[in-house]
2 protein chains.
Amino acid sequence: MPPIAASGQPTLREVAARAGVSLITASRALAADKPGLPVRPATRAAVQRAADELGYRPNAMARAMRGRRHDQVGALVVNNPGARLTNLAAYEYLLGLNAGLEPHGITLSLVRLTDLDGHHPERVRALREQLLDAFVAVSHLPASVVERLDASGDRVVWLDTDRRAASGCIARDEAAAGRLAAETLLARGRRRLVLLRPAKLDHYSLAERARGVAAAAAAAGVPLVELLTGPGYVTDPPERLRAALGADAGLVLSTPTVALRTLALLAGWGLVPGRDLGVACCDADDLLVNGWPELTRIENPRHGLGERAAALLVRLLAGEAAPASETVAGVLVPGTTA
Amino acid sequence: MPPIAASGQPTLREVAARAGVSLITASRALAADKPGLPVRPATRAAVQRAADELGYRPNAMARAMRGRRHDQVGALVVNNPGARLTNLAAYEYLLGLNAGLEPHGITLSLVRLTDLDGHHPERVRALREQLLDAFVAVSHLPASVVERLDASGDRVVWLDTDRRAASGCIARDEAAAGRLAAETLLARGRRRLVLLRPAKLDHYSLAERARGVAAAAAAAGVPLVELLTGPGYVTDPPERLRAALGADAGLVLSTPTVALRTLALLAGWGLVPGRDLGVACCDADDLLVNGWPELTRIENPRHGLGERAAALLVRLLAGEAAPASETVAGVLVPGTTA
DNA sequence: CTGAAAGCGCTTACAG
DNA sequence: CTGAAAGCGCTTACAG
């Protein structure tokens, strides 16, 4: 790689020379974020013109080094090669984070972790080096990464993770989501519940939703059956699911991914949701909402949660020690499938 | 004692002092990427130990500035606030890019553009400043951003965009995808075709797929009807789609999002794909493949395409002027719905 | 209002 | 094999 300056990019020194002022004056004239600096308007204009003519772009690295402002944060996301889109919802979080950070000129870097990295976080450059001002942990992280973050002293915002603390956490009320989904099915006259959920409860939301569904079933005195899905989000064999269904059954879907897989199975069997059985989902992302708007569901505004986490990050970077945590409840959207 | 860095993080100077060597020697001892450097094993070990004891993390900014290595690239992705997940497939590209870049120690930053930014690319920090070594343009970008990239002299890899050049582009053969999907339906005995696609052809793939489907229909001498979906990926009203279907009809779905919406409609109508009509999709991402494995489809390995783009970026950063472009054909997966 | 000096933390020449 | 010097591009004190 050629040296940065040799890449043909003009430096501030060249801008200053062209404007006929010193390097320092040029720096101040272009410091848009410090409007109070004493610079003569004519000087500022001359520098600005020189910068425009040369196509000057400030070197963010140099600025970061001298001015202690990187303005870069990293999003820690788990994504295993074998199950690439298990954490698809993370993308909606990332977009919300980005939307909330961009107005502040803060850049978001994607720090992808695998469970393998989980055992060797020192191999991840973003964790090994001083590269980012802060991190946002998205959804579930390996324990070794969490330990390293805690030990590092880095600033971290926890977005939809199982961490509960007075500050720095954005979480959801998932037990309420499970209860709401189940209660809605029962209110529509379904007399028994079937919960379809991933076998592995690796994220707090999965266990809490199951608890909420169980609580609703117990309160109503109706039977509840749990069916588990494997890595491919299929009950094995699918006929076990089919056998458990019926017009008196309310099928509670645990996640958007499970919902999509179930939708395809129902379609293949010619079973009409809402008529041949009741269906409700404890969680819905933008994709599911757009693709299956008829679905009775609890919507979690992930984009908005990402923006909230961004607001926490901004305050953290501004020096605020401990911005308070927030818990957000999902919203029931009735639909027609319950 | 050397001064403590204001960030609280130990510097290389402190490591050197602790190890009893000079700053320069410490730098060389830790330069893992230059194994040929002459450093005595004992010296290297002492420096390494001092670094470990202090919890030293090299400052990537300083290294970038002096050592001419940022090792950060930006992924340019369009995402409009009003239609957040239109570009969902981008996430799969990002994960693939990340997987391909990480082994080289290259970090990926998310540079989100809106169509609004499209008119004001100078407002996007990553474009305004020198922050990233190179860019990867993902899918469709606003013309003003493309112009700015071309004018900037920045290194760019074009991933699934409509740019066709001898170097630096990873693209897909989309006309073949449309043709394949249509031909598969006809081979299963469907006697007329219905193409369901977004009204707005803002990505090259949409127009090419439509062309491929039309070519297949013409070659077989069967009628073809095009139905258009709006922003919410619904035909308005949905009954227009229903009226067009039938056991003799082969329904060609243009995109994964259209496929998901259609799946929900068919399920609501109790129409069984493969029995009550034929269905095939011109494109499938990981989510659709996992959720609807029965679907007859053309699979586009976006993760793999991202990895290919990463390989191009690595070669670009290594100084190679023009790594050759690649065109990748999707793979037909028969399924049971045609 | 403007400029000379210092230095952010590191690596790359160049001498020993 | 190791160290003193220079400097990447910029901003932040401090003087005028």
Looking at [X] and [Y], would you say the former's side chain and the latter's main chain have a donor-acceptor pair under 3.5 Å?
X	Y	result
A:S325	A:A165	yes
B:R315	B:E320	no
B:R125	A:D71	yes
B:N98	A:L110	yes

Closest to the B:V21 side chain: C:dC10, D:dT11, D:dG3?
D:dG3

Under the side chain to side chain donor-acceptor pair (under 3.5 Å) rule, collect the residues that match up with [X], sequence neighbours excluded.
X	result
B:E147	none
A:D160	A:Y93, A:R172, A:Y204
A:D154	A:S152, B:R57

Can you check the [X] [atom1] to [N] [atom2] distance for me, whole Å?
X	N	atom1	atom2	value
A:D71	D:dT11	CG	P	12 Å
B:R57	C:dG9	CZ	P	14 Å
A:L131	C:dG9	CG	P	16 Å
A:L12	D:dT12	CG	C1'	14 Å
A:M61	C:dG9	CE	P	16 Å
A:L30	D:dC10	CG	P	10 Å
A:Q130	C:dG9	CD	P	8 Å

Measuring only between side-chain heavy atoms, which start at C-beta, is A:L132 closer than 4.5 Å to A:V73?
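A side-chain contact under 4.5 Å is absent here.
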
Pairing string of DNA chain D (Watson-Crick or G-U wobble, both atom distances under 3.5 Å; | = paired to other strand) is |||.||||||||.|||

Examine [N]: is either OP1 or OP2 under 4.0 Å from a nitrogen or oxygen in the side chain of [X]? Give yes or no.
X	N	answer
A:S27	D:dT11	yes
A:R40	C:dT2	yes
B:R63	C:dT11	yes
A:T43	C:dC1	no

Side-chain donor/acceptor pairs under 3.5 Å, residues 13-21 of chain A, sequence neighbours excluded:
unit_1	atom_1	unit_2	atom_2	d
A:E14	OE2	A:T11	N	3.2
A:R18	NE	A:E53	OE1	2.7
A:R18	NH2	A:E53	OE1	3.1

Could you list the protein-to-nucleotides 4-7 of chain C atom pairs, N/O on both sides, closer than 3.5 Å?
unit_1	atom_1	unit_2	atom_2	d
C:dG7	N2	A:R66	NE	2.7
C:dG7	N3	A:R66	NE	3.3

